[in-house]
Amino acid sequence: MSDIITMNGVTKTYENGNIKAVNGVDITIKEGDFVSIIGPSGSGKSTLLNMIGALDKPDYGHIKVANQDLLEGQNLHKFRAQKIGFIFQLHNLIPTLTVRENVEIPMYSQKINSKNMTKRSLELLDYMGLKNRTDNNITKLSGGERQRVAIARALINKPSIILADEPTGSLDSENSDKVLNLLKKLHKEQDVTLIIVTHDNEVANMAERIIKVKDGKIEE
Amino acid sequence: MSYLKLILKNPFRKKFKSILTISIITFIIVSIIFLSSLSASGMYTIDKSITTGGDFVVRANYTLFTENEFIFINESIVQEIESIDGVEKATPFKETYPEVGGEFYVAMDVTPYTLDDTGTKLIEGKFPSKNNEILIGKDVVKFLNKGIGDSIILKNKTYIVTGIFAGNFLMDANIFMLPEALNETSNYKEDLESIKLIVVHISNGSNIENIKNSVNNLHKGKIVAISNVNETGEYKVIYGLMETTANYLSFSAIIFGGLLVFYVMLSSINSRVRELGVLKAVGWSNKQIISMIVGESMVMSFMAWVIGVIISVLLIGYMFSTYFYFDVIWDIWIFLRTLAIVIIIGIIGCLYPAYKSSKISPIEALRY
């Protein structure tokens, strides 16, 4: 399998360089890998994830994701729309929209027609076990169901890479297990590269490869 | 779900603020359309009626009236007008202003031969044959609730209504009587000493403007020839004032409405910072986010316009025929002007919020 993510000497600082959130990190991740990034709070793991997802740029170093040089890229929003699927800890769904409408949100950036949008979103929601909830408002769903909607949203544009930042952080154990099993199933069946950021060893151990982060550095 | 549906839903997240904003803009739109239409319809209706039954009319130039000078139009002036090249006929009318039921009406001396010159026709009954008989206009019928055979008291004398006339907006609220009968309805001797209105007919092929200029040049401008409403003093002022008010409202609407929309949109952006961060994270470009914000602003403004137009049309249709007796003129430019106003309001209201939303950092927004 080819390398899908390469980071060389990546450093990210704040407060005029006084705080190094990420310090000289080198990482290579192959296509189709299931990787967990674990570390205590403030270790820089979310910062790493944001940089892989082109939400943030390093101050030093080099990042290449899915053949896109993130430091030279102009329209990174297009890159995110086509290659990256984000799953956040707090699902971040839009409360005024229905389940289906939330899943379809990333498709607007791809200018897909309404009919195809509906078809794809319904297929995904069926896969997620939410076939009967498509027209419900998000506020009527449980925490676990909302996270499943967020996963569907992350997959809607068929990305190469799924980035999940503490996806079970706000769920109870039962729903956490359901979500994690779903992510494992997705990784196998949809052939995506899956990267999970977590501070939970149990969650981290589910991955094929674990990257440990402490004080902005890798302890692999 | 289509992009349009998304834009239609978002403005109503803050229901109270959005509905209040739309209501206020709607009220302003209704006011502008109503005033402008009143001005346009009033001007049109009067313009249609102002020449009564002739090609133009001649009146004293009221702008020259002073406490010491009352302009008299006598028979010699009528003859002077008739002697102008191109004038076929000049019919004089005298007027008095008797009071009936607390309101003053215009009474005119009309004969069967001069009725056509008033621009009206007998629609019911017959022409007076005695000095105690009168004709009333169709609007007088409504105002006084009188009909044929009823009596009306003018200056303590009883007159019987023998007929009803109609056909000219400016005449339909008047009373017609025989010339001898008019003398007894006067409050002031000046009323009967001066001719108040001369209806002029010109021959085919004559240049009306030249003839009017000739009339205006008689007696140093003390009399004035009128063939359209813009040549009148009083009507032009009244309707000009309405149009000026409508223009002032338009300007105020842009400022006030723009500020309202700005407030609602900014408030909306501030309450969904995280959501905007998510949109950017899932691949929305700044351009898409800006167009969404602009779209939401336009939805509010356009909605106000549509509701305003509907209310205006219903209001105008009812009020103009019930209270003003005008011909309703539907001028497309009045509606297009208000459409332009709401578009400007929408743009002003969303400029800064749209700019602000495009500058939101997705990472900071997701931590919000």
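Below, chain A is the first sequence line, B the second, and so on; all start at residue 1.
- Using a cutoff of 4.0 Å between basic side-chain nitrogens and carboxylate oxygens, A/Lys64 and A/Asp69 are not scored as salt-bridged.
- Between chain B and the options A/Leu93, A/Ile156, A/Ile94, the largest number of non-hydrogen pairs under 4.5 Å is found for A/Ile94.
- Neither the backbone nor the side chain of A/Phe79 comes within contact range of chain B, judged by heavy atoms closer than 4.5 Å.
- For chain B, the nearby parts of A/Asn92 are the backbone and the side chain; heavy atoms of each come within less than 4.5 Å.
- A salt bridge links B/Glu243 to B/Arg337: at least one charged side-chain nitrogen sits closer than 4.0 Å to a carboxylate oxygen.
- A salt bridge does not link A/Glu104 with A/Arg153: none of the charged nitrogens is closer than 4.0 Å to a carboxylate oxygen.
- A salt bridge between B/Arg272 and B/Glu296 is present, with a side-chain N of the basic residue lying under 4.0 Å from a carboxylate O of the acidic one.
- There is no contact between A/Ile84 and chain B, counting heavy-atom distances below 4.5 Å.
- Of the two parts of A/Leu90, only the side chain, counted from C-beta on, holds a non-hydrogen atom closer than 4.5 Å to a non-hydrogen atom of chain B.
- Side-chain atoms of A/Val149 and A/Val103, non-hydrogen and from C-beta on, do get closer than 4.5 Å to each other.
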